[in-house]
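In what follows, a structure is listed as structure tokens, so that the remarks can point back to it.
Proteins get letters first, then strands, A, B, ... in listed order; numbering begins at 1 in each. None of these values were measured; they are calculated from a predicted model. Only this structure's heavy atoms are used, side chains among them; waters, hydrogens and symmetry mates stay out.
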There are 2 protein chains.
Amino acid sequence: MDQNKIPQATAKRLPLYYRFLNNLQMQGKTRVSSKELSDAVKVDSATIRRDFSYFGALGKKGYGYNVEYLLGFFRKTLDQDEITDVALIGVGNLGTAFLHYNFMKNNNTKIKIAFDADDNKVGQTIGGVPIYHINELEERLDDVKVAILTIPAMEADRVTERLVAQGIKGILNFTPARITVPDDIRVHHIDLAVELQALVYFLKHYPLEKTELYSE
Amino acid sequence: MDQNKIPQATAKRLPLYYRFLNNLQMQGKTRVSSKELSDAVKVDSATIRRDFSYFGALGKKGYGYNVEYLLGFFRKTLDQDEITDVALIGVGNLGTAFLHYNFMKNNNTKIKIAFDADDNKVGQTIGGVPIYHINELEERLDDVKVAILTIPAMEADRVTERLVAQGIKGILNFTPARITVPDDIRVHHIDLAVELQALVYFLKHYPLEKTELYSE
DNA sequence: AAGGTAGTGTGAGTGTTTTCACAATTTTGC
DNA sequence: GCAAAATTGTGAAAACACTCACACTACCTT
Ligand SMILES: NC(=O)c1ccc[n+]([C@@H]2O[C@H](COP(=O)([O-])OP(=O)(O)OC[C@H]3O[C@@H](n4cnc5c(N)ncnc54)[C@H](O)[C@@H]3O)[C@@H](O)[C@H]2O)c1
Ligand SMILES: NC(=O)c1ccc[n+]([C@@H]2O[C@H](COP(=O)([O-])OP(=O)(O)OC[C@H]3O[C@@H](n4cnc5c(N)ncnc54)[C@H](O)[C@@H]3O)[C@@H](O)[C@H]2O)c1
């Protein structure tokens with residue numbers, strides 16, 4: 001839809017910039033430099049300028065960026081105006097935490113509906129989100145296009161297939177299973193155990209001196 | 001300590017390989033090819049071979065890799081023999097989920113101790129992990145070197161400072177705050193709201209046809 | 001209204017990661 | 001015991017990402 005000239009790495013940082021700009025605005029700041037932004041979000045200032053430059057000249061030389069303007073620009077770019085509905089599959093430990101949180105603080109996504117296989121959970125409402133039985137997936141999902149997967153790894157492939165059949169286009173997968181999907185479905189894996197192990201590995205094997213290695 | 005010739009990107013994939021090899025072994029498989037691994041973990045087979053090659057020649061041409069041998073090798077490389085103790089700070093929605101889970105299924109990390117500021121939580125034990133008051137951090141932390149941060153963003157910087165003062169070397173930060181640390185402390189951010197927003201952004205703005213874009 | 005200052009936008013350079021593609025080698029089946 | 005099949009390990013190329021460094025310009029101060 002847009003020019004997909006924007007590098008993947010840049011796209012991943014946009015939500016971060018957006019959130020920080022929001023904070024700035026709430027604090028009443030009207031201008032900001034790439035240097036200040038850099039200190040706050042821990043991304044090199046040249047990288048920030050480069051990132052912004054993919055969208056054109058948003059700043060002013062010798063001045064910096066106008067917070068209001070930049071924010072307005074990103075709001076449009078990130079489609080912050082329309083809310084994207086999300087379905088959550090699996091109301092266990094993690095799923096429940098997400099329902100309570102619900103990603104609504106300056107965010108454009110909202111968990112609208114949840115599913116679980118456990119009859120004790122079905123019928124409840126957590127954080128304002130109704131929980132239905134997974135058997136009702138096909139009739140209840142409507143046209144939700146994004147799903148968060150927090151079910152046991154064993155179930156992941158089977159449920160994924162059903163989600164895809166219902167027209168889901170994006171999946172945020174918290175299970176350790178690397179799920180298989182058609183090419184036009186986007187899956188982001190967040191594998192918390194791997195993240196923790198990787199952190200430990202880096203601590204043990206990498207020179208822990210100078211040059212903080214940025215977050216991801 | 002080790003030769004840090006291994007690329008960052010490779011290091012992040014190691015735990016993933018390790019876990020999958022474990023599964024294979026439990027299924028009784030004795031050999032595996034980079035192609036099979038590729039299908040399972042969704043990483044290009046050439047990338048897998050390259051990754052392995054940093055550790056020397058682990059496979060045999062025309063045959064593949066011996067699961068037992070490879071697993072043994074990674075066990076040593078990833079220090080799976082010794083368990084790394086972890087502290088969890090903030091026993092709220094997310095923190096509680098982590099305590100219940102505790103990363104112990106084929107993993108080398110264990111949450112050993114938790115802290116919270118809420119007196120109602122202090123004194124409890126969740127998933128076998130005792131919860132102490134954050135005021136006791138300095139006396140109770142012992143020589144734990146890794147912390148998981150699941151407190152409100154507002155508190156992040158203040159608590160981080162205390163953690164660093166106590167000798168913490170690695171932080172897995174789930175708060176949206178980009179915390180500031182000395183250069184020799186490693187921080188990995190996992191920003192769930194950003195992940196979700198980025199997924200939505202990709203769905204809307206990137207050609208959703210062919211070529212699945214790899215996870216992480 | 002002019003000179004100093006701050007700070008962008010970007011060309012060019014560097015570093016990192018992925019992918020291609022194939023010679024080398026072992027296994028497998030006959 | 002030989003030919004075909006399988007699959008590694010890696011040089012080389014391509015793709016991607018980050019950073020340097022500076023010309024340029026808008027703002028600010030006096
Ligand atoms: N909790 C953590 O800290 C943590 C950490 C890392 C990874 N994970 C992964 O996240 C996933 C969820 O973890 P959890 O701790 O929340 O597990 P959990 O067991 O607490 O929750 C799983 C939920 O899914 C439901 N469920 C089971 N089968 C289902 C199905 N077919 N359809 C719909 N719902 C179904 C269960 O009823 C349960 O409520 C797991 O794959 C786990 O490996 C969790
Ligand atoms: N829950 C989610 O799904 C989710 C999603 C994205 C991001 N996050 C982030 O993760 C963090 C935790 O989220 P949550 O939902 O678990 O919040 P929460 O409010 O449920 O839990 C926070 C816990 O930290 C404790 N706490 C507060 N100040 C403390 C201090 N100084 N020291 C020790 N403990 C302290 C509180 O008592 C509470 O138990 C937040 O920063 C949140 O923005 C959460």
Side-chain angles (χ1 to χ4, degrees), chain A residues 3-14 16-17 21 24 29-70 73-74 198 202 206-207 210-216, chain B residues 3-14 16-17 21 24 29-67 69-70 73 198 202 206-207 210-216:
Chain A
Q3 329 92 299
N4 30 337
K5 293 157 199 156
I6 293 139
Q8 194 111 171
T10 295
K12 282 193 183 182
R13 284 187 290 265
L14 296 184
L16 189 59
Y17 298 146
L21 288 171
L24 279 188
K29 287 207 67 165
T30 61
R31 66 183 262 192
V32 66
S33 70
S34 61
K35 185 63 174 39
E36 284 173 272
L37 267 169
S38 171
D39 289 344
V41 300
K42 314 284 192 236
V43 172
D44 187 272
S45 69
T47 300
I48 292 179
R49 291 200 298 283
R50 173 84 58 197
D51 282 348
F52 287 1
S53 78
Y54 292 116
F55 300 98
L58 302 176
K60 284 183 186 170
K61 306 196 177 186
Y63 175 89
Y65 301 89
N66 179 291
V67 173
E68 185 89 13
Y69 177 73
L70 205 51
F73 184 83
F74 277 119
F202 280 126
Y206 280 68
K210 281 269 163 189
T211 53
E212 226 255 294
L213 287 157
Y214 34 110
S215 25
E216 193 283 330
Chain B
Q3 328 92 297
N4 29 340
K5 291 157 197 154
I6 292 139
Q8 194 112 166
T10 296
K12 282 193 182 181
R13 283 187 291 264
L14 296 183
L16 188 58
Y17 298 146
L21 288 171
L24 279 187
K29 287 206 67 167
T30 61
R31 66 182 264 192
V32 66
S33 70
S34 61
K35 184 64 172 42
E36 283 174 272
L37 268 168
S38 171
D39 290 342
V41 300
K42 314 284 192 241
V43 172
D44 187 273
S45 70
T47 300
I48 292 179
R49 291 200 299 281
R50 174 83 58 196
D51 282 349
F52 287 1
S53 78
Y54 292 116
F55 298 99
L58 303 176
K60 282 183 189 169
K61 305 195 178 190
Y63 175 89
Y65 301 88
N66 179 292
V67 172
Y69 176 74
L70 205 52
F73 184 84
F202 279 126
Y206 280 67
K210 282 266 157 172
T211 54
E212 226 255 296
L213 289 158
Y214 36 109
S215 33
E216 196 270 331

task: Just compare D/dC22, D/dT7, D/dG9 and give me whichever is closest to any side-chain atom of B/Ser33.
output: D/dT7
- prompt: Starting at the 5' end of DNA chain C, which residue's closest nucleotide do you reach first, B/Thr10 or A/Lys35?
  reply: A/Lys35
field: Separation of D/dA17 P from A/Gln8 CD (nearest whole Å)
entry: 7 Å
field: Pairwise side-chain contact, A/Leu14 with A/Phe55, heavy-atom cut-off 4.5 Å (strictly under)
entry: yes
task: Using a 4.0 Å heavy-atom cut-off across all strands, classify A/Ser34 as base, sugar-phosphate, or nothing.
output: sugar-phosphate
message: Could you tell me if the side chain of A/Ser38 sits less than 4.5 Å from the side chain of A/Val43, heavy atoms only?
response: no
statement: Residues passing the side chain to side chain donor-acceptor pair (under 3.5 Å) test with A/Arg50, sequence neighbours excluded, are none
task: Rounded off to whole Å, could you give me the CD-to-C1' distance for the B/Glu36 and D/dA6 pair?
output: 12 Å
- prompt: Between A/Thr47 and D/dC18, is there a side-chain N or O to OP1/OP2 distance below 4.0 Å?
  reply: no
- prompt: Which of these, B/Phe73, B/Tyr65, B/Phe52, sits in a ring pair (Phe, Tyr, Trp, His ring centres under 6.0 Å) with B/Tyr17?
  reply: B/Phe52
Whole angstrom value for the distance that separates P of D/dC20 from CG of A/Asp44: 6 Å
- request: For D/dC18, take OP1 and OP2 only and decide whether either is under 4.0 Å from a side-chain N or O of A/Arg13.
  value: yes
Might you list the N or O atoms of the protein lying below 3.5 Å from N or O atoms in nucleotides 26-30 of chain C, with each pair's distance?
residue : atom : partner : partner atom : Å
C/dT26  : O4'  : B/Lys61 : O            : 3.2
C/dT28  : OP1  : B/Arg31 : NH1          : 3.0

Beyond-backbone contact of B/Ile48 with B/Val41, side-chain heavy atoms, under 4.5 angstrom: yes
- request: Would you mind reading off the distance between A/Ile6 atom CD1 and D/dC18 atom P, rounded to a whole angstrom?
  value: 15 Å
- prompt: Which residues pass the salt bridge (Lys or Arg N to Asp or Glu O under 4.0 Å) test with B/Asp39, sequence neighbours left out?
  reply: B/Lys35
query: Is the distance from OP1 or OP2 of C/dG9 to the nearest side-chain N or O of A/Tyr65 less than 4.0 Å?
result: yes
field: Whole-Å gap separating C1' (C/dG11) and CZ (A/Arg49)
entry: 13 Å
message: In whole Å, I'd like the distance from the CG atom of B/Asp51 to the P atom of D/dT8.
response: 13 Å
B/Glu36 to B/Arg31 - nearest heavy-atom pair and separation: OE1-O, 4.4 Å
Under 3.5 Å donor-acceptor pair, B/Arg50 side-chain atoms to C/dT18 base atoms: no
- prompt: At under 4.0 Å between heavy atoms, what does B/Phe52 touch on the DNA or RNA strands: base, sugar-phosphate, or nothing?
  reply: nothing
- prompt: Over how many whole Å does the gap from A/Ile48 atom CD1 to D/dA17 atom C1' extend?
  reply: 15 Å
field: Nucleotide D/dA26, atom C1' - distance to CG of A/Asn66 in whole Å
entry: 14 Å
